[in-house]
There are 2 protein chains.
Amino acid sequence: MRKRIRPSAVTNVEVVNTLFGRYADLVADRIIPYQWDILNDRIADAEKSWCVENFRIAAGEKQGRHHGAVFGDTDAYKWLETVAFCIENHTGAEYKPVAEGLIELISRAQKPDGYLNTWYTIEHPDKCWTNLIEGHEMYSAGHLIEAGVAWYRATGERSLLDIGVRFADLIEKEFGPDGGRREGYPGHPEIELALVKLHEVTGNEKYLSLARWFIDMRGREPNYFIRERKANEGEYLFFDRYETAYAQAHMPPAEQETAEGHAVRAMYLFSAMADISERCGDEALRAACIRLWKSTTQRRMYITGGIGSSAFLERFTTDYDLPNDRMYCESCASVGLMMFGCRMAALTGEAGYYDEVERALCNTVLGGISMTGDHYFYVNPLEVWPDSCMSLTSMEHVKPVRQRWFDVACCPTNIARTLASLGSYIFSEDGESLFVNMLISSRISTRVSGGNLSLYLHSSFVQDGEVRMEVEKEGAEPAFIRLRVPPYYKMGELSINGKAILPEVDRGYTVIPVLEQGSFVITMKGRVVPRFFAAKEEVRADAGKVAVMLGPYVYCLEETDNGANLANVFVSPDSAIEIAQPEKPLPGDLPSLVFEGMRLSRSIVEEDALYGTPGFEMSPMKLKAVPYCLWGNREPGEMLVWMKALV
Amino acid sequence: MRKRIRPSAVTNVEVVNTLFGRYADLVADRIIPYQWDILNDRIADAEKSWCVENFRIAAGEKQGRHHGAVFGDTDAYKWLETVAFCIENHTGAEYKPVAEGLIELISRAQKPDGYLNTWYTIEHPDKCWTNLIEGHEMYSAGHLIEAGVAWYRATGERSLLDIGVRFADLIEKEFGPDGGRREGYPGHPEIELALVKLHEVTGNEKYLSLARWFIDMRGREPNYFIRERKANEGEYLFFDRYETAYAQAHMPPAEQETAEGHAVRAMYLFSAMADISERCGDEALRAACIRLWKSTTQRRMYITGGIGSSAFLERFTTDYDLPNDRMYCESCASVGLMMFGCRMAALTGEAGYYDEVERALCNTVLGGISMTGDHYFYVNPLEVWPDSCMSLTSMEHVKPVRQRWFDVACCPTNIARTLASLGSYIFSEDGESLFVNMLISSRISTRVSGGNLSLYLHSSFVQDGEVRMEVEKEGAEPAFIRLRVPPYYKMGELSINGKAILPEVDRGYTVIPVLEQGSFVITMKGRVVPRFFAAKEEVRADAGKVAVMLGPYVYCLEETDNGANLANVFVSPDSAIEIAQPEKPLPGDLPSLVFEGMRLSRSIVEEDALYGTPGFEMSPMKLKAVPYCLWGNREPGEMLVWMKALV
């Protein structure tokens with residue numbers, strides 16, 4: 001039997017990459033304290049969170065109504081998960097007392113039977129479990145459990161885990177196949193993947209069974225959600241119209257062919273499906289996961305790893321429908337794509353899934369946060385004309401500058417917990433091999449084949465094409481480093497201690513044997529060159545256009561470098577792309593890219609007309625592109641990823 | 001003093017143009033009976049109207065709740081106005097008894113004090129006049145009055161007019177500058193222009209004064225709408241957020257610089273402003289109208305005469321923001337643009353305003369109705385990919401095929417009344433001159449300079465460049481034909497009875513004197529050639545694109561002629577455009593246009609990738625374009641106006 005692949009523990013990894021290291025440091029330095037201020041409504045010019053306040057009211061320590069989103073509790077849970085990761089990775093110990101105070105407050109807000117949801121407790125204690133479509137009780141429980149697991153792993157303390165266990169036990173009493181329990185499953189998947197983690201940390205099989213039951217029941221006829229809507233007719237909170245595909249409940253997950261509905265819901269569900277297939281050997285779920293991954297990444301994903309083409313309902317639409325200016329591409333959905341991709345790699349052992357994990361991370365997820373850590377994008381467009389992003393129009397969801405907070409604020413805490421646990425995305429392990437999934441400079445120290453193995457990954461591939469791994473191996477048993485050589489990297493030579501090797505490639509991983517004890521330097525020489533990309537011709541929004549990438553980084557034009565009216569910029573896909581200095585004050589050391597282009601300086605002959613005789617005049621211009629993940633950190637203005645090509 | 005210009009009476013005109021004549025005939029043949037069935041909820045597969053039902057309930061003749069839009073009554077009024085026009089133009093006498101029955105029903109639904117609005121009467125009789133922002137009481141009154149005026153003009157009967165007068169008198173008692181009357185003005189302008197008509201037909205000055213007072217009060221500080229919202233907090237029907245600019249109440253109309261807010265509201269307000277300026281000689285309103293016309297047509301209008309770039313709130317956005325696929329461009333807004341333009345021409349005597357009246361009529365307004373008369377567009381995009389127009393997405397407002405009816409159904413009846421009164425858009429008069437505003441073949445017989453003048457306008461300019469006017473003049477006094485020679489027409493020779501003349505041009509009108517009694521044949525020879533157009537370079541959505549027009553008609557590509565994926569079509573603005581046979585079974589005799597283009601048949605080198613190495617392959621193809629106003633009458637599919645140009 002194949003060894004099980006697990007993400008490496010956050011505690012063992014230090015991210016030192018100039019870009020990601022900077023953001024990883026920001027988490028403890030700035031993001032955690034800033035978000036704590038937000039959760040306590042202490043930032044004057046930001047949307048109010050109400051999060052801590054709601055727990056106080058639910059605990060009976062304050063009077064008042066619930067405010068904010070029905071799932072607002074999860075911001076606290078994701079914040080705690082982030083603190084846990086920072087304690088685990090040795091950057092955030094100082095926040096432990098504050099976090100413990102919050103955990104105690106949460107504990108006091110939990111009902112004696114284990115129920116925990118401030119909205120229902122404050123507003124409708126009589127209506128628990130009656131509105132699974134909208135109520136988010138199990139979604140919130142899932143984030144509570146994930147936070148509890150992270151806290152336990154980071155501190156060894158069960159305080160938060162036990163709150164989650166009590167709630168999970170209540171849910172397991174309420175829902176299930178027999179004993180007169182309730183039918184139904186979550187309107188927003190999340191608890192399923194959390195229950196898998198809870199099973200892992202507690203060893204209790206019932207959590208895995210419940211997760212599997214939720215997946216098995218989902219979308220079966222007669223559809224639970226349709227029955228629930230009938231029962232609640234006229235009493236819904238926000239869905240006056242509803243289709244079950246919105247929540248991926250239009251058919252059993254194992255039968256689904258295409259990524260449908262709300263993009264975050266889809267990613268969290270698919271992640272749980274991959275988890276359960278991996279744990280339980282469920283072949284139908286595995287096949288479904290492969291189909292749904294392809295549907296997502298080969299037909300419904302932006303070049304930035306953004307997903308969710310429709311702002312209304314934040315959802316998938318149809319194949320190749322990828323408009324660049326008005327889409328949603330919520331940051332959380334790309335976090336979800338990373339989660340799904342890692343699990344697919346664990347399920348299959350295939351390196352290729354990390355192509356899209358990396359794409360989402362290096363573009364949409366990193367782009368979701370400002371270089372100062374305290375401003376965020378929720379929506380991640382590939383083309384912005386700030387003038388048109390007006391409030392009270394169809395474009396008001398698109399923000400041309402990052403915001404301090406949101407009335408629905410799932411994304412900032414989701415980005416934070418992802419950055420804080422980056423090590424577990426970069427590395428994974430199966431006991432015999434250390435998987436190096438992304439070439440992001442880091443140090444890891446872990447146990448492989450019964451002995452300690454430490455690895456310092458130094459990747460300067462963007463600068464000089466070199467990837468260097470300093471390995472220290474203590475154990476005597478043979479171990480392997482499985483290195484994902486990304487598709488944008490043209491490998492020249494691979495050597496160990498200066499001696500060239502020709503390693504085997506297994507499921508996309510270059511397998512480097514480390515057979516003996518001792519120190520080794522593995523060097524990979526090669527090239528990463530900036531390149532133009534086009535989209536498949538079915539993608540109407542990108543027809544006749546090109547984007548430019550350097551390695552995993554999508555680049556974009558900003559008005560501050562290139563002037564206004566970027567829609568009039570043309571570029572030849574044969575232009576030479578020059579690597580230039582990083583733009584100040586952008587973080588990291590990713591170069592800017594410079595290439596020749598043309599600007600349509602005039603379109604019509606007439607002076608004053610809106611429409612007139614075509615008289616296209618083009619002027620040559622130097623274009624400067626910066627990494628998409630760093631856009632909007634300087635002077636606000638237009639931004640553009642897909643440039644018109646001179647075809 | 002300048003003579004006042006008035007639209008010619010509908011009764012005097014017969015439209016014989018092969019295209020418009022066909023649609024004008026459709027009104028009585030098909031549209032009136034079809035819409036009557038709709039208003040009575042007799043069409044099984046259409047959205048329900050509830051319109052007649054609501055009047056029955058309000059009249060106390062049936063029990064039940066109000067259904068449908070709060071302004072649903074206006075569908076009945078516009079239907080009656082359409083019937084009136086058809087009685088007046090001698091095509092619809094057969095509908096008089098049915099219409100009289102409806103008028104009697106309306107009369108029974110009117111309250112003893114004159115109040116008439118089925119929504120308030122049925123649902124909230126206690127809340128009249130408390131929600132001017134949303135209530136549409138005065139909007140509905142306006143359409144009632146317009147219908148009453150049309151009915152009176154068509155039949156000489158005061159039945160419907162008196163209902164309107166009673167309501168207008170009540171409104172005049174309720175609202176006004178003194179005597180303890182209410183403050184406030186309509187949330188949706190319309191009554192203002194109707195009151196001007198009522199003044200005209202009754203001679204009663206108080207209606208003109210009230211209209212003027214509504215305009216004068218609008219947007220003054222302290223803003224009435226802001227006060228009303230405070231008073232009604234939490235009790236609004238559909239606006240949870242509101243800005244006064246939505247209803248053009250952000251500042252006094254005379255001070256407004258740009259076309260803002262809901263496009264139909266804007267057009268109806270601006271039309272009333274032009275009316276009042278013309279009647280009262282108000283120079284500030286006149287200057288505002290000129291500014292607002294320019295703002296609308298020079299910076300915020302589609303090449304099709306569509307207006308309203310944001311689907312959310314159906315509103316104007318910002319200069320040059322004219323996205324082609326997701327906008328609103330409601331049919332009613334283009335009807336409103338026609339109304340505004342005609343009034344501007346009457347106010348200024350300038351022919352040029354008809355350039356945009358004609359643009360709106362020949363493209364968006366005519367395009368809003370199927371060639372069968374019983375299917376309608378509400379939203380009029382310039383680019384449609386049916387697959388992406390999915391329900392429960394941001395694109396669900398865009399319908400790739402015309403619909404039988406709508407839950408909010410202002411457009412079908414608005415198109416109908418416009419087509420039924422087309423003669424008054426084609427011709428206008430000032431007692432001395434007959435203005436020929438659009439070269440749409442028609443006959444008119446009217447009185448000019450104290451004598452009868454009949455004119456048969458035969459315009460075959462699209463086919464052979466000729467416009468021929470057979471004039472029969474009875475009176476002895478000199479008369480003038482003021483002919484708008486449209487900008488797309490390259491005039492060669494103008495002659496009377498075969499004798500070339502070189503007439504004066506006054507404010508854009510070619511002034512042809514008809515000095516004597518007798519018969520004259522005026523012939524204009526010239527050319528209209530199909531042409532490519534581009535948009536000003538500020539219009540980002542059209543950057544590097546061209547559209548093709550023949551005279552006033554915008555053309556488009558349809559999938560049925562050109563295959564799918566029109567986004568990949570390129571065309572050179574230097575291509576020769578060939579005039580081809582009209583496409584069967586499209587109505588009228590507008591030719592198809594054929595030109596060489598290229599199709600991007602492949603974009604990337606890789607077989608299976610979504611994004612890959614650019615490898616643009618172009619194949620030459622013949623493109624066939626049909627008039628935009630006739631799109632969607634054959635096989636459903638993609639449609640495109642703005643084609644990528646080979647720049």
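Chain letters run A, B, ... following the sequence lines, proteins first, then strands; residues in each count from 1. Side chains are part of it too, since the values below use all heavy atoms of this structure and drop only hydrogens, waters and symmetry mates.
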So, taking the atom named CD in E537(A) and the one named CG in L600(B), what distance separates them when rounded to the nearest 0.5 Å?
7.0 Å
V546(A) and F616(B), any side-chain heavy atoms less than 4.5 Å apart:
yes
Beyond-backbone contact of H397(A) with F312(B), side-chain heavy atoms, under 4.5 angstrom:
no
Is the closest basic N to carboxylate O distance between D387(A) and R540(B) below 4.0 Å?
no
Contact class of [X] relative to chain B, heavy atoms under 4.5 angstrom:
{"X": "M395(A)", "result": "side chain"}
{"X": "A645(A)", "result": "side chain"}
{"X": "S309(A)", "result": "neither"}
{"X": "E617(A)", "result": "neither"}
{"X": "R359(A)", "result": "side chain"}
{"X": "A535(A)", "result": "both"}
{"X": "L392(A)", "result": "both"}

Interface residues of residues 314-322 of chain A facing chain B - heavy atom cut-off under 4.5 Å
R315(A), T317(A), T318(A), D319(A), Y320(A), D321(A), L322(A)
Sort E607(B) into side chain, backbone, both or neither according to what part of it lies under 4.5 angstrom from a heavy atom of chain A.
backbone
Heavy-atom proximity to chain A below 4.5 Å, by part of A609(B)
backbone
Test Q298(B) against D608(A) for side-chain contact (heavy atoms from CB on, under 4.5 Å), laying out the working first.
CA-CA 8 Å; Q298(B) 294 183 6; D608(A) 290 328; 5.6 Å; no
Among residues 565-574 of chain B, which residues come closer than 4.5 Å to chain A, judged by heavy atom distances?
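The stretch touches chain A at N565(B), A567(B), N568(B), F570(B), P573(B).
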